[in-house]
Number of protein chains: 2
Amino acid sequence: MSLAGLFPIDKWNFKSQSILNNLPEDEYGYLCANMLEQKYNKGEVIFREGAVASGIFFIKKGKVKKYQVDQTGREQIIYVANTGELIGYHAILADERYPDSAATLEECVIAFIPKEDFLSAIEKSTVLPRRLLKTLSHEFAVLINSISVVAQRSVKERLAITLIVLREKFKEGTAAGEEIMINVSRNDLANMVGTGDENIARFLTEFKLAGILRTQGRKICITDVKKLIEISGYGTSE
Amino acid sequence: MSLAGLFPIDKWNFKSQSILNNLPEDEYGYLCANMLEQKYNKGEVIFREGAVASGIFFIKKGKVKKYQVDQTGREQIIYVANTGELIGYHAILADERYPDSAATLEECVIAFIPKEDFLSAIEKSTVLPRRLLKTLSHEFAVLINSISVVAQRSVKERLAITLIVLREKFKEGTAAGEEIMINVSRNDLANMVGTGDENIARFLTEFKLAGILRTQGRKICITDVKKLIEISGYGTSE
DNA sequence: GATAAAAAGTGATCTTTTGCAGCTTTTAAA
DNA sequence: TTTAAAAGCTGCAAAAGATCACTTTTTATC
């Protein structure tokens, strides 16, 4: 089923894919001159919050979590980046250290582009600055939306929203007709929602009993998205 | 007292001032060609979330809250913009509707710059795109920081942080040597922290009894910032 | 496939936060 | 200065969420 009109999925997606999409041949070539492609295992850290930013990363394949760790050691996942997205460019553009950490959620292929190449590509390009401004501004909208939701919605609502969004992300790697399986640990799920693992387990059980989803080991399959949208709070209005 | 080294105040400030600061004469002149200056009373709405974005706003004097209202009518204040800051540019750059609403927290003087002027100023300028990229990227860091804090800190800690940040904002309009008075309603304070008015009143009383602050009507004067920083959770580490 | 380690699920309890009701103080307007 | 309305404060009860201990299931590795 499509979410169109039922759930504001745009409010939850950065779409940084569009930055490099259909870039003029020469500009793309230049950007890739010193590109360093690398395979990452599941759970590997790509960069850490506070580290001096040496470049940006292009996710050629896989899913990456972006997160912050607070002083008590708890992890807050800010965003899940998918195949085709760029990460790490904020630090370069702001000329600051990485504001968050990034780690793979599954096996990934990721290309590294050195800071200098990225910056001079922007310098030379006419479309890159414009695209970056657009993407960054859109990201702003996504993030303030997240703040409102985290500040005002219950854990149950937030879990519902998280599951809907994750389902869309996992849809991309799923063949048409095949069932969409969300494959993240309960702990990662808890760190996205901003609660403890136990709470997640409890609500997942509740959702399962309500016929909203089915689990296969750690994997989750949403069987009734509509009901989930209702719980998310976006169901009636918007 | 200075917060340097004690509290990461940079994590809480957009600093969009720097966008127009010391802009080359001609570029600034062009940007201001059709500028429309207007006086706003306290509490007036500047633009509303979801409205088609017609331009950007330059706060010449005063403080403005940026907020979202959820379906239950609750307001979440995302940011307080101060004298010298720009607002409304995200929507223009992203080519989307305003992602949040803006309203004055006090009497303000605000100048409106039409969308077309802003966009062609960017087109013609060499420094504007760069500055915008830098500002937007920094804003990203500020917002993800907010998400972590809202998701993981207690109401008491969040109030402490909010008070420290507000104090810095009100410092700007205060003559040197004069006492810094934070002048916002309990309701606005609650909407910044993301809780109810009653909770704010309770913790303010607690802080008052602990000798951290003093109230004069609705106005708040922080008398022991250090203690507040300890409560905020930034005291020991960072 | 066996097995150890890790992750997930459940129950009980404790803490934090919310929301209501009623009261007091402050503010603004007559 | 008076007065009405708005804003702020406090106590209490209920709800939501966090934490701990323990069991069960799953995953990964030999």
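Basis for what follows: all heavy atoms, side chains included, without hydrogens, waters or symmetry-related copies. Lettering follows sequence order; numbering is per chain, from 1.
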Would you mind reading off the distance between [X] atom [atom1] and [N] atom [atom2], rounded to a whole angstrom?
| X | N | atom1 | atom2 | result |
| --- | --- | --- | --- | --- |
| Lys156(A) | dT17(C) | NZ | P | 22 Å |
| Glu206(B) | dT16(C) | CD | P | 11 Å |
| Asp197(A) | dT24(D) | CG | C1' | 16 Å |
| Lys208(B) | dC9(D) | NZ | P | 6 Å |
| Glu157(A) | dA16(D) | CD | P | 11 Å |
| Lys42(A) | dT29(D) | NZ | P | 11 Å |
| Gln216(B) | dG8(D) | CD | C1' | 16 Å |
| Leu204(B) | dT26(C) | CG | P | 14 Å |

Euclidean distance, Leu189(A) CG relative to Leu163(A) CG, rounded to 0.5 Å: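 Spacing of CG (Leu163(A)) from CG (Leu189(A)) equals 5.5 Å.
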May I ask you to decide whether [X] forms a salt bridge with [Y], counting only side-chain N to carboxylate O separations under 4.0 Å?
| X | Y | value |
| --- | --- | --- |
| Lys66(A) | Glu85(A) | no |
| Glu168(B) | Lys171(B) | yes |
| Glu179(B) | Lys219(B) | no |

Sugar-phosphate, base or nothing in reach of Asn187(A), heavy atoms under 4.0 Å: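 Asn187(A): backbone/sugar contact only, no base atoms under 4.0 Å.
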Touch class at under 4.0 angstrom, heavy-atom based, for Arg202(B) against every strand present: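 Base contact - Arg202(B) has a heavy atom under 4.0 Å of at least one base atom.
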Residue pairs fulfilling ring-ring contact (aromatic ring centres under 6.0 Å, His included) with at least one residue in residues 168-208 of chain A, sequence neighbours excluded: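 As it turns out, there is no ring-ring contact (aromatic ring centres under 6.0 Å, His included) pair with a partner in residues 168-208 of chain A once direct neighbours are skipped.
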Distance below 4.0 Å between Asn199(B) side-chain N/O and dT18(C) OP1 or OP2: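 Checking dT18(C) against Asn199(B), a side-chain N or O does come within under 4.0 Å of OP1 or OP2.
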Arg74(A) side chain, from C-beta outward: closest of dT10(C), dG17(D), dT19(D):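 Taking heavy atoms from C-beta onward, the closest nucleotide is dT19(D).
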Ala201(A) side-chain proximity, nearest of dG8(D), dT17(C), dG9(C):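 Nearest to the side chain of Ala201(A) among the choices is dG9(C).
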5′-ward residue of the pair Ala151(A)/Glu198(A) relative to DNA chain C: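 Result: Glu198(A).
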Main-chain N/O of Ser232(A) paired to Arg153(A) side chain as donor or acceptor, under 3.5 Å: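 Here the side-chain-to-backbone pair exists.
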Along DNA chain D (nearest heavy atom to each residue), the more 5'-positioned of Arg218(A) and Thr195(A):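 Of the two residues, Thr195(A) wins.
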Could you pull out every donor-acceptor pair under 3.5 Å between side chains of residues 49-65 of chain A and any protein atom, sequence neighbours left out?
residue: Lys60(A); atom: NZ; partner: Glu37(A); partner atom: OE1; Å: 3.0
residue: Lys65(A); atom: NZ; partner: Glu75(A); partner atom: OE2; Å: 3.0
residue: Lys65(A); atom: NZ; partner: Asp188(A); partner atom: OD1; Å: 2.9

Where DNA chain C forms stems, i.e. three or more consecutive Watson-Crick or G-U pairs with both distances under 3.5 Å: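 Only these stems qualify: C:1-30 with D:1-30.
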